[in-house]
Amino acid sequence: MMRAEEESPPPWLIPLLRANYFVPCSIHADSNKSECNMFCLDCTSSSFCSYCLTNHKNHRVLQIRRSSYHNVVRVNEIQKYIDISCVQTYIINSARIVFLNERPQPRIGKGVTNTCEICCRSLLDSFRFCSLGCKLGGMKRGNQSLTFSLKGKHGREYQAGEDSDEATTPTKIRKTCAFNRLMSGLSISTAKSDYFSGDQWSSSSGDESGFNLSPGTPPIYNHRNSSRRKGVPHRAPF
């Protein structure tokens with residue numbers, strides 16, 4: 001029961017996907033730029049225009065945008081409230097966006113190896129869905145590996161020992177292995193210093209009668225007191 005509640009989508013997600021956008025506002029129809037391109041996650045009623053923002057003060061509001069006649073939302077806005085992993089994102093007008101609803105593709109191009117699990121749209125190999133609606137459809141099919149919960153996402157990252165969304169890369173793995181080899185070499189060098197070397201023993205027990213772990217300080221060489229051979233005298237130039 002707790003598992004089902006944790007993986008259920010937020011109550012505002014379905015109204016967000018089903019709302020009608022870019023239609024004239026019924027209240028401010030006579031005003032300029034009165035298209036309904038806003039949605040309140042707290043009210044979850046319907047879309048509204050920018051003039052209606054005064055009625056949603058201190059509410060969580062998303063601005064819906066349009067790309068190729070499809071509704072999109074910016075990633076940096078939506079990812080504050082839900083986990084959008086497994087959904088392919090796109091960069092449009094220097095902003096990363098994600099589509100709200102599915103976009104069926106009539107014909108799949110040649111060489112495509114990965115498609116959306118719901119609408120069969122071609123995707124990059126690292127993604128499973130083309131939109132938030134398709135990910136929701138995958139959850140309705142009973143796929144327990146999917147979630148919109150940020151709490152569950154952060155829990156997985158904490159278990160994996162990560163502090164961000166960055167995945168472990170081969171470069172990080174190589175750096176970690178190199179660091180481990182370096183530490184192993186230092187451990188071996190320290191262990192060797194505990195054995196007999198030359199005419200003295202080194203002790204690691206901390207006993208005052210034992211010898212010091214650190215190497216002996218070489219004697220200070222005084223160049224002033226040392227005898228040096230005088231050089232051949234040179235005659236001053238004329």
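By convention here, the first residue in the shown sequence is residue 1. This is a predicted model, so every value here is computed, not measured.
- Counting heavy atoms from C-beta outward, Phe99 and Thr89 have side chains that stay 4.5 Å or more apart.
- By the 6.0 Å contact criterion, CZ on Arg18 is open, its count of non-hydrogen atoms from other residues, nucleotides or ligands being 12 or less.
- With rounding to the nearest 0.5 angstrom, the CH2 atom of Trp12 is 11.0 Å from the OG1 atom of Thr44.
- A continuous path of hydrophobic side-chain contacts links Ile64 to Ile14 [ILVMFWY only; heavy atoms under 4.5 Å].
- When the side chain to side chain donor-acceptor pair (under 3.5 Å) test is applied to Ser46, no partner is found at least two apart in sequence or on another chain.
- In the hydrophobic clustering of ILVMFWY residues, with side-chain heavy atoms under 4.5 Å counting as a link, Val72 and Val75 come out apart.
- When every heavy atom of Asn58 is checked against every heavy atom of Asp42, the shortest pair comes out as O-OD2, 4.5 Å.
- Looking at Glu102 and Lys135, their side chains never come closer than 4.5 Å, going by heavy atoms from C-beta outward.
- Tyr90 is linked by a side chain to side chain donor-acceptor pair (under 3.5 Å) to Gln88, Arg103, counting only residues two or more places apart in sequence or in another chain.
- Of all non-hydrogen atoms in Tyr51 and Asn32, the two that sit nearest each other are OH-O, 2.7 Å.
- When all heavy atoms are compared, the tightest approach of Leu136 to Pro9 is CD1-CG, 3.6 Å.
- When hydrophobic clusters are built by joining Ile, Leu, Val, Met, Phe, Trp and Tyr residues whose side-chain heavy atoms come closer than 4.5 Å, directly or via intermediates, Leu13 is grouped together with Ile118.
- Of all the heavy atoms in Ala19 and Ser47, the pair that sits closest is CB-N, 4.5 Å.
- Under the salt bridge (Lys or Arg N to Asp or Glu O under 4.0 Å) criterion, Arg74 pairs with no residue at all, not counting sequence neighbours.
- Distance check, rounded to the nearest 0.5 Å: SG of Cys40 to CG of Leu16 gives 11.0 Å.
- Cluster membership for Val87 and Ile78, using ILVMFWY side-chain heavy atoms within less than 4.5 angstrom, is shared.
- Residues satisfying the side chain to side chain contact (heavy atoms under 4.5 Å, CB included) criterion with Val112, sequence neighbours excluded, are Ile108, Thr115, Ser122.
- In terms of heavy atoms, Ser145 sits closest to Asn143 at OG-OD1, 2.5 Å.
- Side-chain contacts under 4.5 Å among hydrophobic residues (ILVMFWY), followed directly or transitively, place Met38 together with Phe48, Leu53, Val61.
- Not counting sequence neighbours, the partners of Arg66 by the side chain to side chain donor-acceptor pair (under 3.5 Å) test are Asn71.
- A salt bridge is absent between Arg96 and Glu77; no separation between the charged side-chain nitrogens and carboxylate oxygens falls under 4.0 Å.
- The shortest non-hydrogen separation linking Leu123 to Cys130 is CD2-CB, 3.7 Å.
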>> Between Cys43 and His59, does the side chain to side chain contact (heavy atoms under 4.5 Å, CB included) criterion hold? Intermediate values first, please.
In response: CA-CA 8 Å; Cys43 299; His59 288 185; 3.5 Å; yes
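- Residues Gln63 and Phe39 fail the side-chain proximity criterion, which asks for heavy atoms closer than 4.5 Å.
- Heavy-atom contacts from other residues, nucleotides or ligands closer than 6.0 Å to CG of Asn76 number more than 12.
- Taking CG of Leu132 as the start and SG of Cys86 as the end, the distance is 12.0 Å to the nearest 0.5 Å.
- Side-chain contact between Cys119 and Gln105 is absent, with no heavy atoms from C-beta onward closer than 4.5 Å.
- Side-chain contact between Cys116 and Arg128: absent, with no pair of heavy atoms (C-beta onward) separated by less than 4.5 Å.
- The shortest distance between side-chain heavy atoms of Ile82 and Leu150 does not fall below 4.5 Å.
- Using a distance-only test at 3.5 Å, with no hydrogens or angles considered, no donor-acceptor pair links the side chain of Asn93 to the main chain of Ala95.
- Counting heavy atoms from C-beta on, the side chains of Tyr21 and Cys36 never come closer than 4.5 Å.
- Side-chain contact between Ser131 and His70: absent, with no pair of heavy atoms (C-beta onward) separated by less than 4.5 Å.
- A chain of hydrophobic side-chain contacts below 4.5 Å, direct or via other Ile, Leu, Val, Met, Phe, Trp or Tyr residues, connects Met139 to Tyr81.
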